[in-house]
Amino acid sequence: MRKLLVLGAGTAGTMAVNKLRPRLDAAQWSITIVDQDDVHHYQPGYLFIPFGIYQPHEVTKPRHRFIPDGVDLVLGTIERVVPEDNKVLLADGRELGYDFLVIASGTSPRPDQTPGMADDMGGNVHEFYTLEGATRLAEKLKTWEGGKLVVQLTEMPIKCPVAPLEFTFLADAFFTEQGMRDRVEITYVTPLEGAFTKPVASRHLGGMLEERKIQLEPDFMVESVDAEARKLVSFDEREVPYDLLVTIPINMGADFVARSGLGDDLNYVPVDKETLLSTAYDNIFAVGDASNIPASKAGSVAHFAMDLFPDNFLRHVQGLPMTEKFDGHANCFIESGHGKGLLIDFNYDTEPLPGKYPLPGVGPFSLLKETELNHWGKLMFRWMYWNLLLPGKELPLPALMSMAGKQVEELS
Amino acid sequence: MPVTTMNGHEVHVDDEGFLTQYDEWTEELAKTLAANIGIDLTDRHWEIIRFLRADYAKQGETATTRRVDTVGGFPTKEQFQLFPKKPAKKMAYIAGLPKPHGCV
């Protein structure tokens, strides 16, 4: 009996077992998946909680409902992996052996990594990258009377890199609808040179900040948060004062990855970016946000990668070369407020460009352009996530990115 | 890829002027690149640049400011003092390495 062990029953890990179980002979393969609790979070939903658009109970379901028959779900805290012995130790002393290991333990916000950031968390400092944080922020916004709102991105890479901008657009719309936009000064603080990483999207999105009278503070690498004086301080000694800080803390992979000697300086597992096989061990893969591939940390990357992963895995365990090559494909809806949204589609080499998706010239979705349909696409996606994506069903979208339907703009 | 002439040698650069061929870089060239962006190279600058070159040779990608701090041992604060405003970009430019990818 060969053993496949998956660490993490989030988006990527759950998809992995759903796709692999039917294709691995039950008489020859056991599959076990480990997580610390039985609550699966629909993380894209966190964004809507601070504004009362979603309620906290709408974004969670029990994990075990999405784990297929023939897969053991083990609840426990992972202490570390011992790759030399092909085993995983749990904090309570249990040991799990494996022939092949898939690390799918994701990434998490770590406010403790920036001096002062955690001091006033829940007071005048908030975050929305956890359900708890997003729920607290919803409470705060119900009674906040206005002042300086600063949305601040600490360091790339972060999970869902468009979410900080979406939060900012939704905040602008929220305060406008509350009739208090004139009492709120919004500043977007980022370590990047502009609103976003890549030039064409950065220009479009930067223009959207300007239209909404949102100040942009680029190239701001935060050194500390002074919770007492309510200001952000950068390494080059600039200061940004706030009344309400919504921070996106640095994101890091799971601590057990570091304890196991499997991580880079942010606890991400170094892998081959086309096959997701560990560069250190021939029987360890890392999928989803847990790996160091130079792509977005996003469910959509996990999804497109997972379309190719099972074929590669099945070949690899038979000693055959892996033939599918992941290109870093991702697409994301970007909420822009007032019932509209944008969509971007890109990969390792191609930045987000305007056009139509998925059908060239037809859409129905428009790339890098605000439309109502994009907003509905985003809302519909929650249903698709629970009912199609996690169970590993086919979505009618190609895994690899296509240039068809995209307009290549000249950069000025 | 555009080709430009620096110090009498033809070198390959991208559209922002970053060298694209690891082996076309020389210490002489680094001085010219540094001068282009108004930086006078001290011993400490050189230590960082040598770390970046060696790290790139091993890792195949340009170290981030975090890595220059945690692995190289050069505090982020000091990187900002030596390469003002945009240390990651300026260090890569002078060291003849690709801009560290700001992951999308």
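Contact of Thr76(B) with chain A is made through backbone and side chain together, with heavy-atom distances under 4.5 Å. Both the backbone and the side chain of Lys85(B) come within contact range of chain A, each with at least one heavy atom under 4.5 Å from a heavy atom of that chain.
Between Tyr93(B) and Phe18(B), the ring center distance clears the sub-6.0 Å criterion.
Judged by distance alone, the side chains of Thr247(A) and Gln152(A) do bring a donor and an acceptor atom under 3.5 Å apart. Asp40(B) and His45(B) are not linked by any side-chain donor-acceptor pair at a separation below 3.5 angstrom, with hydrogens and angles left out of the test.
The greatest number of non-hydrogen atom pairs below 4.5 Å with chain B, out of Arg238(A), Glu237(A), Glu193(A), is found for Glu193(A).
Between His329(A) and the options Thr350(A), Asp345(A), Leu400(A), a side chain to side chain contact (heavy atoms under 4.5 Å, CB included) holds for only Asp345(A).
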